[in-house]
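For the numbers below, each heavy atom of this structure counts, side chains included, while hydrogens, waters and symmetry mates do not. Predicted, not measured: the structure shown is a model, and the values here were computed from it.
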Amino acid sequence: MTVEIYHNPRCSKSRQALQLLEERGVQPKITRYLETPPTRETLDKILEMLGMEPRDLMRKKEKEYKEAGLDDPNLSRGQLIQAMVDHPRLIERPIVIKDGQAALGRPPESVLEII
């Protein structure tokens, strides 16, 4: 069983989700997505697993969101995904992936649904 967490150690929700996994004996592969952003293809797959559209996974209060004009309704799915690859701070966290399933840790306990 491979479990991966897209993690930001500075985020309390991300730390809580990681702790919940570890308390259950799960040692996930930790991807610090700010240092190693997912590729466009990976992010597209994650969105599909989550059943979300790109804006659903974006942190809209980050300055990059406003500066890049990402609230423009004419932007395509591909353009929004590329913006998250270019500016990984825009990606909501944590995201946990296991066996082709993904969960967004908002709240952190929701990651346990796929474990």
Side-chain angles (χ1 to χ4, degrees):
M1 166 177 82
T2 301
V3 177
E4 182 175 10
I5 183 169
Y6 284 82
H7 180 60
N8 178 352
R10 295 186 59 183
C11 170
S12 64
K13 301 284 187 222
S14 197
R15 290 192 309 269
Q16 289 170 21
L18 180 57
Q19 182 180 350
L20 286 169
L21 293 172
E22 290 173 341
E23 286 171 355
R24 282 152 183 81
V26 176
Q27 292 298 317
K29 173 187 172 203
I30 298 172
T31 299
R32 293 184 177 208
Y33 69 93
L34 293 177
E35 298 164 15
T36 310
T39 65
R40 191 176 168 145
E41 295 77 19
T42 300
L43 198 49
D44 190 41
K45 285 180 191 167
I46 290 170
L47 286 164
E48 285 181 28
M49 286 187 268
L50 289 169
M52 293 182 167
E53 290 302 317
R55 276 197 187 91
D56 300 333
L57 193 60
M58 286 181 142
R59 299 175 56 82
K60 296 175 188 75
K61 293 181 181 166
E62 295 292 340
K63 67 179 174 122
E64 290 90 344
Y65 187 84
K66 292 177 184 72
E67 287 175 0
L70 297 174
D71 57 348
D72 181 345
N74 296 315
L75 292 175
S76 70
R77 176 182 170 90
Q79 288 171 307
L80 293 170
I81 290 171
Q82 189 61 51
M84 286 191 279
V85 171
D86 294 342
H87 307 284
R89 279 176 31 123
L90 291 170
I91 302 171
E92 190 60 83
R93 74 261 175 172
I95 301 167
V96 173
I97 298 172
K98 176 188 171 243
D99 298 334
Q101 293 182 294
L104 180 61
R106 297 272 166 182
E109 295 78 16
S110 65
V111 303
L112 299 177
E113 294 169 11
I114 64 168
I115 301 303

Under a 4.5 Å cut-off applied to non-hydrogen side-chain atoms, are [X] and [Y] in contact?
X     : Y      : answer
Arg55 : Lys60  : yes
Lys13 : Pro94  : yes
Leu20 : Arg24  : yes
Glu53 : Arg77  : yes
Glu62 : Glu67  : no
Met52 : Leu104 : yes

(message) If hydrophobic clusters are built from ILVMFWY residues whose side chains come within less than 4.5 Å, do Ile30 and Tyr33 share one?
(response)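 In one cluster with Ile30: Tyr33, no.
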(message) Test of understanding: clusters of I, L, V, M, F, W, Y form through side-chain heavy atoms closer than 4.5 Å, transitively. Do Leu50 and Leu90 belong to the same one?
(response)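 Yes.
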Just verifying a value: how many Å separate [X] [atom1] and [Y] [atom2], rounded to the nearest 0.5 Å?
X      : Y      : atom1 : atom2 : result
Thr39  : Gln82  : OG1   : CD    : 10.0 Å
Gln27  : Ile5   : CD    : CD1   : 11.5 Å
Leu57  : Tyr6   : CG    : OH    : 11.0 Å
Ile97  : Ile114 : CD1   : CD1   : 7.5 Å
Gln101 : Glu113 : CD    : CD    : 10.0 Å
Met84  : Met58  : CE    : CE    : 4.5 Å

(request) Using atom types as modelled and distance alone, determine if a side-chain donor or acceptor of Arg15 lies under 3.5 Å from a backbone N or O of Pro9. (result)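 Yes, Arg15 side chain to Pro9 backbone: donor-acceptor pair under 3.5 Å.
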(message) So does Asn8 get a backbone contact from the side chain of Ser14, meaning a donor-acceptor N/O pair under 3.5 Å?
(response) yes
(message) Please identify which of these residues, Val85, Ile95, Ile91, meets the side-chain contact (heavy atoms from CB on, under 4.5 Å) condition with Pro38.
(response)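 The passing option is Ile91.
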(request) Please determine which of Ile81, Leu43, Leu70 meets the side-chain contact (heavy atoms from CB on, under 4.5 Å) test together with Pro54. (result) Ile81
(request) Could you tell me which non-hydrogen atom of Gln16 sits nearest to which non-hydrogen atom of Pro108, and how far apart they are? (result)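 Minimum heavy-atom contact is OE1-CG, 3.1 Å.
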(request) Kindly give the heavy-atom pair with the smallest separation between Val111 and Gly105, and that separation in Å. (result) CG1-CA, 3.5 Å
(message) I'd like to know whether Met49 forms a side-chain contact (heavy atoms from CB on, under 4.5 Å) with Ile46, so could you lay out the CA-CA distance, the side-chain angles of the two residues, the decisive distance to 0.1 Å, and finally the verdict.
(response) CA-CA 5 Å; Met49 286 187 268; Ile46 290 170; 4.3 Å; yes
